[in-house]
**Student:** 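I have a structure I would like to understand better, so I am pasting it below and will then ask my questions one at a time.
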Amino acid sequence: MDVVVGRVAKAHGISGELAVDVRTDSPETRFAPGSVLAAKLRDGTSRDLTVTAARNHSGRLLVRFEEVLTRDVAETLRGTLLLGSTDDLPPTGDPDEFYDHELEGLAAELADGTKVGTVREIVHGPGGELLVITREGGGEHLVPFVREIVPTVDVAGRRVVLTPPEGLLDAD
């Protein structure tokens, strides 16, 4: 299975370097020279890109790929999702830590078993993580991923249990 490890924000400089918003806890491994990432372009096509160099710069990673030698080529990759294999991930080693791909697709339900929806994605923000839950009747909920609100994560059982404060799951 492939997971998003980064998103190309923009071209940087004149020689094909790309500014990448990192979406992995192990950028030093995922973007190590020689690593091959699957690139899913905005037009839906895919291609492989081989990392030749990566460095931190202003909160982003600047990455050079073997296949991207000019700014013109780099510009065509704006918005591209960079994917890596989950097979390469080590175990978290902590029962309270999860990879995003382990949570995506889990059923979300209340403690009494009432179905709320399905975890679509995890948003990583400066204030913490949010579960984006697609509601059963349409629309979505943003649920803070904290133990007080999400006391149970059962990856094997394919569900998360929510104990939301009043109003959190009210329809818009």
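Every value quoted in this text rests on a predicted model; they were computed, and no experiment measured them. Positions are given from 1 along the sequence.
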**Student:** Kindly work out whether a path of hydrophobic side-chain contacts (I/L/V/M/F/W/Y, heavy atoms less than 4.5 Å apart) joins Leu162 to Phe98.
**Tutor:** yes
**Student:** Evaluate the side-chain proximity of Arg47 to Leu41: yes if any heavy-atom separation is below 4.5 Å, no if none is.
**Tutor:**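 Side chain of Leu41 against side chain of Arg47, heavy atoms only: contact under 4.5 Å found.
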**Student:** Between Val132 and Val119, is a side-chain contact (heavy atoms from CB on, under 4.5 Å) present by the stated rule, with each step listed?
**Tutor:** CA-CA 6 Å; Val132 179; Val119 177; over 6 Å; no
**Student:** Working to the nearest 0.5 angstrom, can you tell me the gap between Ile122 CD1 and Asp100 CG?
**Tutor:**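 Separation between the atoms: 4.5 Å.
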**Student:** Quick check: closest heavy atoms across Glu66 and Thr52, and the distance to 0.1 Å?
**Tutor:**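 Shortest heavy-atom separation between Glu66 and Thr52 comes out as N-CG2, 3.6 Å.
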**Student:** Check for me, please, whether Leu168 and Val160 land in the same ILVMFWY cluster - side-chain distances under 4.5 Å, paths through other members count.
**Tutor:** yes
**Student:** If we ignore hydrogens and angles and just use 3.5 Å, is the side chain of Arg42 paired with the main-chain N or O of Arg78 as donor and acceptor?
**Tutor:**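 Indeed, once roles are kept as given, a pair shorter than 3.5 Å links the two residues.
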**Student:** To the nearest 0.5 Å, what is the distance between CD1 on Ile14 and CZ on Arg71?
**Tutor:**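 Going from the CD1 atom of Ile14 to the CZ atom of Arg71 covers 9.0 Å.
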**Student:** Nearest 0.5 Å please: distance from the CG atom of Leu62 over to the CG atom of Leu18.
**Tutor:** 9.0 Å
**Student:** Spell out, as yes or no, whether a donor-acceptor pair under 3.5 Å connects the side chain of Glu67 to the backbone of Thr50.
**Tutor:**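 Looks like yes, one N/O pair under 3.5 Å.
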**Student:** Answer whether the closest heavy-atom distance between the side chains of Leu37 and Leu83 falls below 4.5 Å.
**Tutor:**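 SC-SC contact between Leu37 and Leu83 ruled out.
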**Student:** Please walk me through it: do Val153 and Phe145 pass side-chain contact (heavy atoms from CB on, under 4.5 Å)?
**Tutor:** CA-CA 10 Å; Val153 176; Phe145 189 37; 3.8 Å; yes
**Student:** Go through it in stages, so that I can follow the logic: the residues are Asp48 and Phe65, the test is side-chain contact (heavy atoms from CB on, under 4.5 Å), and I'd like the CA-CA distance, side-chain angles, deciding distance and then a yes or no.
**Tutor:** CA-CA 10 Å; Asp48 288 341; Phe65 293 102; over 6 Å; no
**Student:** Which distance, rounded to the nearest 0.5 Å, do you find between the OG1 of Thr118 and the CG of Leu103?
**Tutor:**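 It is 13.0 Å, given to the nearest 0.5 Å.
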**Student:** Passes side-chain contact (heavy atoms from CB on, under 4.5 Å), Asn56 versus Leu61? Steps please.
**Tutor:** CA-CA 5 Å; Asn56 289 309; Leu61 200 59; 3.4 Å; yes
**Student:** Would you check if the side chain of Thr70 reaches a backbone N or O of Val73 as a donor-acceptor pair within less than 3.5 Å?
**Tutor:** yes
**Student:** Taking all heavy atoms of Phe31 and all of Ala54, pick out the closest pair and write down the distance.
**Tutor:** O-CB, 3.6 Å
**Student:** Nearest 0.5 Å, please: how far is OG1 in Thr80 from CZ in Arg7?
**Tutor:** 8.5 Å
**Student:** Would a hydrophobic clustering, with Ile, Leu, Val, Met, Phe, Trp and Tyr connected at side-chain separations under 4.5 Å, put Val146 with Leu169?
**Tutor:**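 Yes, because Val146 and Leu169 connect within a single hydrophobic cluster, where side-chain heavy atoms sit under 4.5 Å apart.
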**Student:** Enter the distance from Thr114:OG1 to Glu109:CD here, rounded to the nearest 0.5 Å.
**Tutor:** 8.5 Å
**Student:** Does Ile133 belong to the same Ile/Leu/Val/Met/Phe/Trp/Tyr cluster as Leu130, with side-chain heavy atoms less than 4.5 Å apart forming each link?
**Tutor:** no
**Student:** Check whether Val20 and Val51 end up in the same hydrophobic cluster, where Ile, Leu, Val, Met, Phe, Trp and Tyr are linked by side-chain heavy atoms less than 4.5 Å apart.
**Tutor:** yes
**Student:** Under a 3.5 Å cutoff, is there a donor and acceptor pairing between the side chains of Glu148 and Thr163?
**Tutor:** no
**Student:** Going by an N to O cut-off under 4.0 Å, is there a salt bridge joining Glu140 and Arg120?
**Tutor:**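 The answer is yes: the pair qualifies as a salt bridge.
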**Student:** Kindly give the heavy-atom pair with the smallest separation between Gly16 and Val68, and that separation in Å.
**Tutor:** O-CG1, 3.4 Å
**Student:** Which heavy-atom pair separates Asp21 from Ala9 by the least distance, and what is that distance?
**Tutor:**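 Distance-wise, the nearest heavy atoms are OD2-CB, 3.8 Å.
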**Student:** Okay, side chain of Ser46, backbone of Lys40: is any donor-acceptor separation there less than 3.5 Å?
**Tutor:**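 The answer is no, because no donor-acceptor pair under 3.5 Å joins these two groups.
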**Student:** Within the structure provided, determine whether His12 and His57 are in side-chain contact (heavy-atom separation under 4.5 Å).
**Tutor:**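 Heavy-atom side-chain distance check passes, below 4.5 Å.
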**Student:** Between Pro164 and Leu110, is any pair of side-chain heavy atoms under 4.5 Å apart?
**Tutor:** yes
**Student:** Search all heavy atoms of Ala39 against all heavy atoms of Leu49 and return the closest pair with its distance.
**Tutor:**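 For Ala39 and Leu49, the tightest heavy-atom pair comes out as CB-CD1, 3.7 Å.
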**Student:** In terms of side-chain geometry, is the basic nitrogen of Glu17 or Arg55 positioned less than 4.0 Å from the acidic oxygen of its partner?
**Tutor:** yes
**Student:** Tell me the closest heavy-atom pair linking Val5 and Gly84, and the distance in Å.
**Tutor:** CG1-N, 3.9 Å
**Student:** Does either side chain, that of Arg159 or that of Thr152, offer a donor lying less than 3.5 Å from an acceptor on the other one?
**Tutor:** no
